[in-house]
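These notes concern the structure reproduced below.
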Amino acid sequence: HRQTSARGLTTWRIMSTVALVALARPTFDLACAQGNFDSARALLQELGAEVVGPAELVMTVDDVAAVALPPADLHILFMASFSDASPAVELLGSVKGPVLGWSMREPGEVGERLKLNSMCGVNLAAHALMDAGQSIRHIHGNADEPHVRAAISDALAGKLPEAKTPQSISGERAPQSVADEAFEWLKGKKVGAVGEAPVGFTPCLFDGEKLNSLFGLDVRQISIDNAFERISAVAPDRADKAYAAALAAQPSLGDVNVEQAKKVYGVEVALDDWREEDALDAIAIRCWPEFPTDLGACICSSLGRLSDRGTVTTCERDVLGAVTMLVCEALGSDENYLVDIVDLVEKEGLLRLWHCGSAATKLAADPKSATQYIHCNRKLGVAGNFPLKTGPVTLFRIDRDVDPSNRTGLRMVVSRGESIPAPNHFQGNTATVRTEPDAAVLVNGIVTGGYPHHLVISWIDVRPGIRKMADMLGIPLTEW
């Protein structure tokens, strides 16, 4: 805490008590997560803090219920691996903020699974905490890195990291006619939403009436049970035919368990039937936990195949993600993809944007080599495993706005970069992007601004149209 001495000098008092809460999920690398947690606790103690809070990784509802945080001078949300945001909100949503979010580097070799997905976890938690009225600051890096040690030392002295953002920019607006044509194209488009948003995934919540009034969109919802009924009704010969078509398109599918693969392409048939029945233009689906646990398969590849045929698809029932993709298409973009920010290379100004394998094969760096494989965490078929194509990219997101003075209830954020040639760094679909603003500052702005963990990557510069549409709708636009 800052204090003023008798001589008028500003000094900093060491925060002696730190509440450290480490979140994780069993589907990630728990040995690595535990090692990082141990290192973080040791660093805090070495720097003179009294560390309180759960001594074990918090992973389950019972774990959360067992936590009773004593009073503390500083609260640290340590993202040992990915986690949904509900534990962060329950344990830290009402404490005196800001909360300090701490995310870890991704370990492992190029091409391996994403072992932690820690940065995405902090990003998601930040959105949910802001939704709950909390604020957050951010540190990224492991406990043995000098800049992390310095940042933690400063935080213990009461000087939290700044909520620094890139410099805001304001560019050329598209002509009125471009925006008018986009709104006309969007009018009447239908988004199918399957199930509820996963617990703790606040970016995946939406207001259908707002989307209809602002964009003319119609959201059609079905339950996860209804979706499973549709899947069960698919005749085996139709699933076999869809599997054969997928195998012909990507022979690598032959290395995946056939039973699991046929389930996945049965899902493709069921979703395609629903698309035709309700004239859907996009489908946002609750892809877990029910599909891997109850169906025994991961449906990423079925979403990719629907996308290849022109239907916008998003996982985690992210309706606003689907709307963001439709807006891009209305402004002339072709296929887009929904990604997490999972890795940061500060010295090279790079972000790695990733998701677990639902990209359309036409988005591959080499579509002929768009391998189909198993899901990186669940080890079930079928998910794509290939790098995304290169070239200039737009990063864009439409999000709910918690500001009560904003009559639209929405906000937008957009930035720019270039997807560069690189191996598929993480199993699934990865784009390695050199951002126009400083990459580390961009991440800090997204996290501390409470923006969603999902961004849309588009290979067309749709910013002029976005600016014009935001102006016309009165939606606040942050452009970096």
Side-chain angles (χ1 to χ4, degrees), residues 19-25 27-28 53-54 57-61 63-65 67 69 75-104 116-140 160-161 163 195-207 284 286-289 314-321 324 338-342 355 397-404 406 409-413 443-455 478:
L20 180 65
V21 177
L23 303 186
R25 176 164 283 180
T27 50
F28 290 88
L57 297 173
V58 176
M59 294 189 284
T60 68
V61 173
D63 292 343
V64 175
V67 175
L69 291 179
H75 292 82
I76 296 180
L77 173 63
F78 186 81
M79 200 58 63
S81 82
F82 180 81
S83 167
D84 76 74
S86 58
V89 173
E90 184 165 344
L91 298 176
L92 301 172
S94 299
V95 302
K96 183 179 180 181
V99 170
L100 180 56
W102 187 356
S103 56
M104 295 287 99
L116 298 178
N117 205 14
S118 171
M119 180 181 286
C120 177
V122 161
N123 193 168
L124 176 60
H127 186 279
L129 286 168
M130 177 170 280
D131 225 32
Q134 183 59 274
S135 59
I136 192 167
R137 300 291 184 267
H138 183 223
I139 295 173
H140 180 65
L160 291 176
E196 300 300 319
V199 173
F201 280 65
T202 51
C204 302
L205 303 175
F206 71 96
D207 183 333
R286 179 184 168 103
C287 53
W288 63 268
T314 61
C315 52
E316 296 169 353
R317 219 285 322 259
D318 190 351
V319 169
L320 284 177
T324 304
L338 196 71
V339 292
D340 301 335
I341 301 175
V342 299
H355 226 269
R397 178 68 195 207
I398 300 172
D399 181 30
R400 292 180 300 113
D401 192 353
V402 297
D403 181 355
N406 177 2
L410 297 175
R411 60 177 182 166
M412 297 177 175
V413 63
V443 168
N444 199 65
I446 288 171
V447 172
T448 61
Y451 288 101
H453 69 303
H454 282 161
L455 297 174
T478 297

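This chain uses plain numbering: 1 for the first residue, then up along the sequence.
- Contact check on Asp318 versus Arg397 returns a salt bridge, with a Lys/Arg side-chain nitrogen under 4.0 Å from an Asp/Glu carboxylate oxygen.
- In summary, the side chains of His140 and Asn444 do not present any donor paired with an acceptor at a separation below 3.5 Å, with no hydrogens or angles considered.
- In terms of heavy-atom proximity, Met119 sits nearest to Ile341 at SD-CG2, 3.5 Å.
- Applying the side chain to side chain contact (heavy atoms under 4.5 Å, CB included) test to Thr60 and every residue at least two apart in sequence or in another chain returns Asp62, Asp63.
- Counting all heavy atoms, side chain and backbone alike, Val89 lies closest to Ala128 at CG2-CB, 3.6 Å.
- Side chain of Asn406 to backbone of Leu410: a donor-acceptor contact under 3.5 angstrom is found.
- Here CE of Met79 is found 11.5 Å from CG of Leu116. Values are rounded to the nearest 0.5 Å.
- For the salt bridge (charged side-chain N to carboxylate O under 4.0 Å, His left out) condition, no pair includes a residue of residues 117-127, sequence neighbours left out.
- Not counting sequence neighbours, the partners of Asp84 by the side chain to side chain contact (heavy atoms under 4.5 Å, CB included) test are Arg25, Ser86, Pro87, Val199, Phe201.
- For the residue pair Cys120 and Phe82, the shortest heavy atom distance occurs at SG-CE1, 3.8 Å.
- Closest of all the heavy-atom pairs between Leu338 and Gly321 is CD1-CA, 4.0 Å.
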Problem - Full working for side chain to side chain contact (heavy atoms under 4.5 Å, CB included) between Val122 and His453 - result: CA-CA 9 Å; Val122 161; His453 69 303; over 6 Å; no

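- To the nearest 0.5 angstrom, Ile446 atom CD1 is 11.0 Å from Asp399 atom CG.
- Interatomic distance, Arg137 CZ to Ser135 OG, rounded to the nearest 0.5 Å: 5.5 Å.
- One distance of note links OG of Ser94 with CD of Gln134; it measures 8.0 Å at 0.5 Å rounding.
- For the residue pair Thr324 and Ile398, the shortest heavy atom distance occurs at OG1-N, 3.1 Å.
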Exercise for the section: Under the salt bridge (charged side-chain N to carboxylate O under 4.0 Å, His left out) rule, what do Arg411 and Asp403 come out as? Steps first, then yes or no, please. Expected result: CA-CA 9 Å; Arg411 60 177 182 166; Asp403 181 355; over 6 Å; no

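- Proximity of a side-chain donor or acceptor of Glu316 to a complementary backbone N or O of Ala197 within less than 3.5 Å is not detected.
- The side-chain contact (heavy atoms from CB on, under 4.5 Å) with His454 is formed by just one residue from the set Leu124, Thr314, Asp340; it is Asp340.
- Atoms CG and CG, from Leu20 and Leu100 in turn, are 10.0 Å apart once rounded to the nearest 0.5 Å.
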Practice task
Take Val64 and Val58 through the side chain to side chain contact (heavy atoms under 4.5 Å, CB included) test and state the conclusion after the steps.
Solution key: CA-CA 6 Å; Val64 175; Val58 176; 3.7 Å; yes

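- Shortest non-hydrogen contact noted between Ala24 and Leu57 is CB-CD1, 4.1 Å.
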Practice task
Evaluate the criterion side-chain hydrogen bond (donor to acceptor under 3.5 Å, both in side chains) for residue pair His138 and Asn123; output intermediate values, then yes/no.
Solution key: CA-CA 9 Å; His138 183 223; Asn123 193 168; over 6 Å; no

